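Worksheet for the structure shown next.
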There are 2 protein chains.
Amino acid sequence: MPDRPDLAAMIVPLGRTLMAIELPILESHGLTMWAYGVLLGLEESPVRTQSALAQSIGADKTRIIPTLDDLQDRGFITRTPDPADRRARLLSLTPEGRKVRDTAQAAIHQREDELLSALSADDRRGFLRALQQLSDRENAAPPAPVPPRHSRG
Amino acid sequence: MPDRPDLAAMIVPLGRTLMAIELPILESHGLTMWAYGVLLGLEESPVRTQSALAQSIGADKTRIIPTLDDLQDRGFITRTPDPADRRARLLSLTPEGRKVRDTAQAAIHQREDELLSALSADDRRGFLRALQQLSDRENAAPPAPVPPRHSRG
DNA sequence: TATTGTTATACTCTATAACTATA
DNA sequence: TATAGTTATAGAGTATAACAATA
């Protein structure tokens with residue numbers, strides 16, 4: 001018997017739980033998971049192309065288009081053709097977009113903190129530090145394009 | 001700007017990476033992700049019903065049937081009608097089943113340890129302790145039946 | 001009538017391919 | 001000809017519904 005369960009066996013269900021926590025909060029702000037992901041993705045570097053944005057948030061470029069349409073319609077993002085290359089679209093957050101994003105994220109973090117409060121201060125610190133390190137390391141590595149859940153034999 | 005990224009934003013991609021690490025290892029042992037999950041699920045309490053097993057590993061009862069068929073054909077599990085209630089099937093690992101499971105798991109843990117070796121001893125300890133605590137807490141809570149990735153608005 | 005296991009069907013999500021427009 | 005964006009289609013993966021056997 002191993003000294004610990006597989007990491008994936010612990011982390012994947014935990015990820016699902018965290019998403020289950022996020023979903024109702026996002027819905028209450030009129031956001032889908034992908035819409036929220038887009039708002040987060042635009043925060044870091046204000047303008048980009050849709051493909052780059054899609055890749056940075058682990059999505060297919062075709063997949064986020066309805067989301068972008070919706071966010072634009074609701075005034076949360078702007079999407080203007082790049083004068084220098086009119087094929088590309090310059091994306092950025094509007095103040096309203098930033099506001100929903102921040103409000104939703106604050107609510108999410110609050111719920112997450114409740115979850116983390118079950119841990120000792122030391123463990124919580126180690127957990128968050130480790131998570132951020134592993135996460136950074138990921139973003140440096142090849143951005144694995146959403147592998148299939150499993151393959152049939 | 002928040003003091004940390006959303007937990008889900010860090011954990012979900014990490015989970016995907018861990019699954020991507022597992023997949024080729026499992027394939028090399030002729031196991032799918034669900035097959036491995038079944039072998040793991042049978043370890044803890046040797047005999048059960050298929051529904052209970054499915055629920056305990058976060059699967060739908062209809063989803064694991066082809067997997068059970070395959071594992072049985074290959075002699076990794078036994079599936080016999082319960083004499084006390086012939087509707088139910090008693091499931092258990094065979095020695096061969098336990099062997100593939102242990103071999104695969106050892107290989108997986110080895111790769112995971114490489115990943116964890118990027119962390120300081122303190123962070124690694126905190127990370128694993130926190131993970132196990134949160135994981136235990138999960139198994140006590142309602143076993144969220146695989147929520148949809150996101151809902152369309 | 002309710003439950004276990006099973007099969008068949010429908011639905012959701014995702015990726016691939018094909019099209020338009022710019023370059 | 002190549003690339004950004006878009007649309008339409010096809011493919012996985014999943015859950016729901018319907019069925020047979022047993023209780």
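Just so we're on the same page: letters track the sequence lines, and every chain starts at 1. No experiment lies behind these values; they were computed from the predicted model shown.
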Q) Which residue, B:Asp85 or A:Asp85, contacts DNA chain D at a nucleotide closer to its 5' end, judged by nearest heavy atom? A)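 The residue whose closest nucleotide sits nearer the 5' end is A:Asp85.
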**Q.** Side chain of A:Thr62 - closest among C:dA15, D:dA21, D:dA4
**A.**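 The nucleotide sitting nearest to the side chain is C:dA15.
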Atom pair distance, as rounded to whole Å: [atom1] in [X] and [atom2] in [N]:
| X | N | atom1 | atom2 | result |
| --- | --- | --- | --- | --- |
| A:Trp34 | C:dT12 | CH2 | P | 18 Å |
| A:Arg63 | C:dA17 | CZ | C1' | 17 Å |
| A:Arg87 | C:dT22 | CZ | C1' | 6 Å |
| A:Lys61 | D:dG5 | NZ | C1' | 7 Å |
| A:Ile65 | C:dC13 | CD1 | P | 17 Å |
| B:Ile64 | C:dT6 | CD1 | C1' | 12 Å |
| A:Asp60 | C:dC13 | CG | P | 15 Å |
| B:Arg89 | D:dA20 | CZ | C1' | 11 Å |

**Q.** Trace of the side-chain contact (heavy atoms from CB on, under 4.5 Å) decision for A:Leu42 with A:Leu53
**A.** CA-CA 7 Å; A:Leu42 286 177; A:Leu53 172 64; 4.2 Å; yes
(Q) Any donor-acceptor pair under 3.5 Å linking the side-chain atoms of B:Gln50 with those of B:Arg89? (A)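 No, no side-chain donor-acceptor contact under 3.5 Å.
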Q: State which residues pass ring pair (Phe, Tyr, Trp, His ring centres under 6.0 Å) with A:Phe76; sequence neighbours excluded, sorted by chain then number.
A: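 Ring pair (Phe, Tyr, Trp, His ring centres under 6.0 Å) list for A:Phe76, sorted by chain: empty.
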Q) Quick one: do B:Asp122 and A:Arg129 make a salt bridge, cutoff under 4.0 Å? A)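 No, no charged N to carboxylate O under 4.0 Å.
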Q. So, is B:Arg79 close to the C:dT6 phosphate, meaning a side-chain N or O under 4.0 Å from OP1 or OP2?
A.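 Yes, because at least one side-chain N or O of B:Arg79 sits under 4.0 Å from OP1 or OP2 of C:dT6.
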